[in-house]
> 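One structure coming up, written as structure tokens, with questions to follow.
Hydrogens, waters and symmetry mates are skipped; everything else that's a heavy atom, side chains included, is used. Chain letters run A, B, ... following the sequence lines, proteins first and then strands; every chain starts at 1.
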2 protein chains.
Amino acid sequence: MSKNAKFDRAEVVEKATNLYWEKGYHGTSMRDLQATVDLRPGSIYAAFGSKDNLFKEAINHYANSTGKLLQLCLDETSSPLAGLKLFIRKITIENRENAPSDMCMIVKSISELTDNDNKELLDEAKALLNGVESRFADIIEDAMQTGEISSNKNAMDLARYMQVQIIGLRTYSRVNDDQTIIEKFIDDIFVGAPFH
Amino acid sequence: MSKNAKFDRAEVVEKATNLYWEKGYHGTSMRDLQATVDLRPGSIYAAFGSKDNLFKEAINHYANSTGKLLQLCLDETSSPLAGLKLFIRKITIENRENAPSDMCMIVKSISELTDNDNKELLDEAKALLNGVESRFADIIEDAMQTGEISSNKNAMDLARYMQVQIIGLRTYSRVNDDQTIIEKFIDDIFVGAPFH
DNA sequence: ATGTATAATGAACGAGTGTTCCACTTGAAA
DNA sequence: TTTCAAGTGGAACACTCGTTCATTATACAT
């Protein structure tokens with residue numbers, strides 16, 4: 001063996017994630033990254049291999065953190081739907097000021113990446129968004145089990161509905177960030193047609 | 001006087017728009033543009049000034065075309081809401097294969113541009129999206145006049161609701177492009193809570 | 001036919017891109 | 001204390017970026 005006391009990898013990924021999240025894949029240069037994670041190219045490339053690879057690790061870290069936040073919301077509320085609602089409130093309102101961007105990093109990535117130029121990263125982002133959707137479906141099935149939602153509904157349909165509302169709302173909130181309007185919209189999501 | 005038989009400016013803007021729409025602002029290089037509009041840098045810079053300026057013209061052209069499409073949909077249907085629904089169907093399903101991207105170019109731009117690095121273009125895009133929203137509000141007010149919608153609803157609220165649904169659905173359709181699901185979703189938009 | 005103002009061309013500029021390479025440093029094993 | 005594989009720093013590479021500008025081509029007025 002030899003030396004192994006390097007930088008804190010988790011911390012580097014966290015910082016890289018925030019930069020990619022803010023500026024997007026194309027808007028972030030390796031020199032931007034080098035500066036914000038305070039590492040020289042040699043170290044970054046030894047640890048992550050390429051800009052693409054670092055991005056992949058970043059977006060996975062993002063999805064992971066978001067998943068943990070969702071679980072936290074479910075744990076501190078009394079029902080699946082209440083947890084879901086708290087989660088939406090957190091990402092659209094409460095965590096807004098500290099977040100690098102108003103929008104979901106996965107959605108931003110899906111929006112800017114193309115099949116022609118960045119197929120691999122795009123597919124990664126799509127897979128992660130699908131992961132979120134099936135997590136939503138699980139939660140909704142829990143809600144059907146407890147009777148919070150009528151059990152003759154289709155969980156996948158509702159999960160999809162949730163997904164569209166959140167994507168739409170977060171993007172919309174970049175143009176109109178009136179907090180009361182956003183809050184009202186969140187309330188309306190849960191009395192929307194698919195739930196009846 | 002002297003020479004004035006130049007290239008067709010409208011045609012150049014159209015081609016530039018499609019490229020920006022597909023690849024985004026950062027993903028499109030001036031050399032990409034030079035190739036697709038078949039002009040040398042000198043001509044482009046004489047006519048448009050800069051990459052930013054050309055983008056501004058492109059996104060305005062896009063908003064204009066979309067506005068015309070919406071009007072067309074209203075003209076060939078029997079009610080404001082039917083027109084709106086046809087419009088949504090067109091942009092999400094019918095025009096899909098010919099379009100450079102599944103998503104709305106304005107939304108893509110709002111998603112990728114930042115206040116720090118591209119404030120001017122971002123503000124332009126936001127203004128255009130707000131323009132769409134007030135157009136929606138006008139249409140909804142028409143629908144209230146004809147009794148298609150209860151007139152104790154708030155037109156701005158409904159316009160905002162439409163906006164969020166369209167943004168969410170178009171983005172979502174990039175991950176799941178099952179046509180029957182998209183169609184079902186469009187139907188559901190118009191029986192959604194805000195309409196009752 | 002000639003002169004002239006304007007448009008189009010494309011080489012070139014400096015700065016920035018992702019990435020590589022190698023000399024240097026480090027710290028655990030011997 | 002010596003050894004040496006692994007980690008780090010930073011100059012440099014080949015290329016691309018947005019943009020400029022001197023040159024050449026063009027078409028109208030005379």
> Expressed in angstrom and rounded to an integer, what is the separation of A/L33 atom CG from C/dT17 atom C1'?
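Interatomic distance, CG of A/L33 to C1' of C/dT17: 13 Å.
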
> Rounding to an integer number of Å, can you tell me how far A/K23 NZ sits from C/dG16 P?
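Spelled out: NZ on A/K23 to P on C/dG16 is 13 Å.
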
> Report the distance from atom CZ of A/F48 to atom C1' of C/dT19, rounded to the nearest whole Å.
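So the CZ-C1' distance, A/F48 to C/dT19, works out to 16 Å.
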
> Report yes or no: does A/R135 contribute a side-chain atom to a donor-acceptor pair with the main-chain N or O of A/G67 at less than 3.5 Å?
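No, because the side chain of A/R135 does not come within donor-acceptor range (under 3.5 Å) of the backbone of A/G67.
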
> Checking A/K51 against A/Y45: charged group under 6.0 Å from the ring centre and within 45 degrees of the axis?
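Judged by the rule, A/K51 and A/Y45 form no cation-pi pair.
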
> Sort out for me which residue in A/Q165, A/E133, A/Q163 forms a side chain to side chain donor-acceptor pair (under 3.5 Å) with B/Y172.
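Of all the options given, the one that passes is A/E133.
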
> Grab the CZ-C1' distance between A/F55 and C/dG18 for me, whole Å please.
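About 16 Å, once rounded to whole Å.
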
> Using 4.0 Å as the upper bound for N to carboxylate O, is an ion pair formed by B/E112 and A/K108?
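Not counted as a salt bridge, because no side-chain N and carboxylate O are separated by less than 4.0 Å.
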
> Between C/dT25 atom C1' and A/F7 atom CZ, what is the distance in whole Å?
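Going from CZ in A/F7 over to C1' in C/dT25 covers 16 Å.
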
> By nearest atom, which of the nucleotides C/dT9, C/dT19, D/dT8 is closest to the B/R40 side chain?
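Closest nucleotide among those given: C/dT9.
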
> Rounded off to whole Å, could you give me the CD1-to-P distance for the B/I44 and D/dG18 pair?
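The answer, rounded to whole Å, is 11 Å.
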
> Is the phosphate of C/dT19, meaning OP1 or OP2, less than 4.0 Å from a side-chain N or O of A/Y45?
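A/Y45 to C/dT19 OP1/OP2: side-chain N or O found under 4.0 Å.
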
> A/M30 has a side chain; which of D/dT19, C/dT19, D/dG9 sits nearest to it?
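Of all the options, the side chain of A/M30 is nearest to C/dT19.
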
> To the nearest Å, how far apart are B/R9 CZ and C/dA7 P?
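Whole-Å distance recorded here is 12 Å.
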
> State yes or no: do A/I139 and A/F190 share one hydrophobic cluster built from I, L, V, M, F, W and Y residues joined by side-chain heavy-atom distances below 4.5 Å, directly or via other members?
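As far as the 4.5 Å side-chain criterion goes, A/F190 and A/I139 are connected within one cluster.
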
> So does B/S29 get a side-chain nitrogen or oxygen closer than 4.0 Å to the phosphate oxygens (OP1/OP2) of D/dC17?
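Yes, because at least one side-chain N or O of B/S29 sits under 4.0 Å from OP1 or OP2 of D/dC17.
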
> If you only use heavy atoms from C-beta on, which nucleotide in D/dG18, C/dA11, C/dG18 is closest to the side chain of B/R31?
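Minimum distance to the B/R31 side chain belongs to D/dG18.
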
> Between P on C/dG18 and CD on A/Q34, what's the gap in Å once rounded to a whole number?
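It is 8 Å, rounded to the nearest whole Å.
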
> When the nearest nucleotide of DNA chain C is assigned to A/H26 and to A/S43 on a heavy-atom basis, which residue is associated with the more 5' position?
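First, find each residue's nearest nucleotide; the 5'-ward one identifies A/H26.
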
